[in-house]
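Taking it in order: structure first as structure tokens, then the write-up.
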Amino acid sequence: MPKESFLVNRIKSVGFAFKGAMLLIRTEASIKIQVFIAIVMTALGFYFDISHTEWILQIFAIAMVLGIEGMNTAVEKIADYIQPEFDVKIGFIKDISAGAVMLVSIASTIIGLIIYLPKVM
């Protein structure tokens with residue numbers, strides 16, 4: 001059987017990634033909340049006419065939160081598949097993964113405050 005071309009392979013990969021993003025948004029409550037916040041922050045960006053640099057920081061912050069949340073969900077799903085019963089070591093792994101989301105969320109909140117507090121005041 002002939003090997004698929006590089007381009008066809010890339011197109012399929014993008015399709016799988018899009019499917020995964022949509023599954024994440026449809027099935028995970030935390031991502032739904034974070035997507036809603038991202039939409040609100042994007043609307044605020046337009047309302048306050050933030051600078052190019054502020055847009056870059058805001059987009060980066062939103063992408064980091066959503067991306068790390070996606071990885072956290074993947075870690076949790078793998079851990080639950082490997083060990084469906086409570087296990088201290090699995091709990092430790094899941095806590096670390098959730099902690100990564102929290103750290104990025106705190107940093108993103110600080111970025112948002114730096115951008116928007118001066119505009120609101």
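The structure presented is a predicted model; accordingly, all values stated were derived computationally and were not measured.
Side-chain contact check for Ser97 and Glu76: no donor-acceptor pair (N or O, by modelled atom type) lies under 3.5 Å.
Remark: Ile31 CD1 to Leu24 CG distance equals 4.0 Å, nearest 0.5 Å. Note that CD1 of Ile82 and CD1 of Ile93 are 8.0 Å apart. Values are rounded to the nearest 0.5 Å. Separating the NZ atom in Lys77 from the CG atom in Asn72 is a distance of 10.5 Å, to the nearest 0.5 Å.
Ser51 places a side-chain heavy atom less than 4.5 Å from the side chain of Glu54. For the pair Lys89/Gln83, no side-chain contact is recorded, criterion being any heavy-atom separation below 4.5 Å from C-beta on. Within the 4.5 Å cutoff, the side chain of Phe92 has no heavy atoms near those of the Asp87 side chain. Counting only heavy atoms from C-beta outward, the side chains of Val101 and Gln34 approach each other to under 4.5 Å. A 4.5 Å side-chain heavy-atom check between Ile68 and Leu103 finds every atom pair outside the cut-off.
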Apply side chain to side chain contact (heavy atoms under 4.5 Å, CB included) to Val35 and Lys32, showing your working. CA-CA 5 Å; Val35 167; Lys32 289 177 185 177; 5.9 Å; no
Do Trp55 and Phe46 pass the ring-ring contact (aromatic ring centres under 6.0 Å, His included) test, and can you show the C-alpha distance, the side-chain angles, and the key distance before you say yes or no? CA-CA 10 Å; Trp55 272 115; Phe46 286 113; 4.9 Å; yes
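More than 12 non-hydrogen atoms from other residues, nucleotides or ligands lie less than 6.0 angstrom from NZ of Lys119.
Looking only at distances, no side-chain donor or acceptor of Tyr116 sits under 3.5 Å from a matching main-chain atom of Ile111. Checking side-chain atoms of Glu69 against main-chain N and O of Leu66 turns up no donor-acceptor pair under 3.5 Å. In this structure a side-chain-to-backbone donor-acceptor pair under 3.5 Å is missing from Asn9 to Glu4. Of the possible donor and acceptor atoms, none in the side chain of Lys94 sits under 3.5 Å from a partner among the backbone N and O of Ala79.
Residue Ile37 is grouped with residue Val120 when hydrophobic side chains (ILVMFWY) are merged at heavy-atom distances under 4.5 angstrom, including chains of intermediate members. Note on Tyr47 and Phe36: same hydrophobic cluster, where clusters join Ile, Leu, Val, Met, Phe, Trp and Tyr whose side-chain heavy atoms are under 4.5 Å apart, directly or indirectly. Leu44 is not connected to Ile114 by any chain of hydrophobic side-chain contacts under 4.5 Å among Ile, Leu, Val, Met, Phe, Trp and Tyr, and they are in different clusters. Note on Ile59: it clusters hydrophobically with Leu57, by side-chain heavy-atom contacts below 4.5 Å among ILVMFWY residues. Residue Phe60 is grouped with residue Val104 when hydrophobic side chains (ILVMFWY) are merged at heavy-atom distances under 4.5 angstrom, including chains of intermediate members.
The shortest heavy-atom contact between Gln58 and Met41 is NE2-O, 3.0 Å. Nearest heavy-atom pair, Ala61 versus Ser108, reported as atom, atom and distance to 0.1 Å: O-OG, 3.3 Å.
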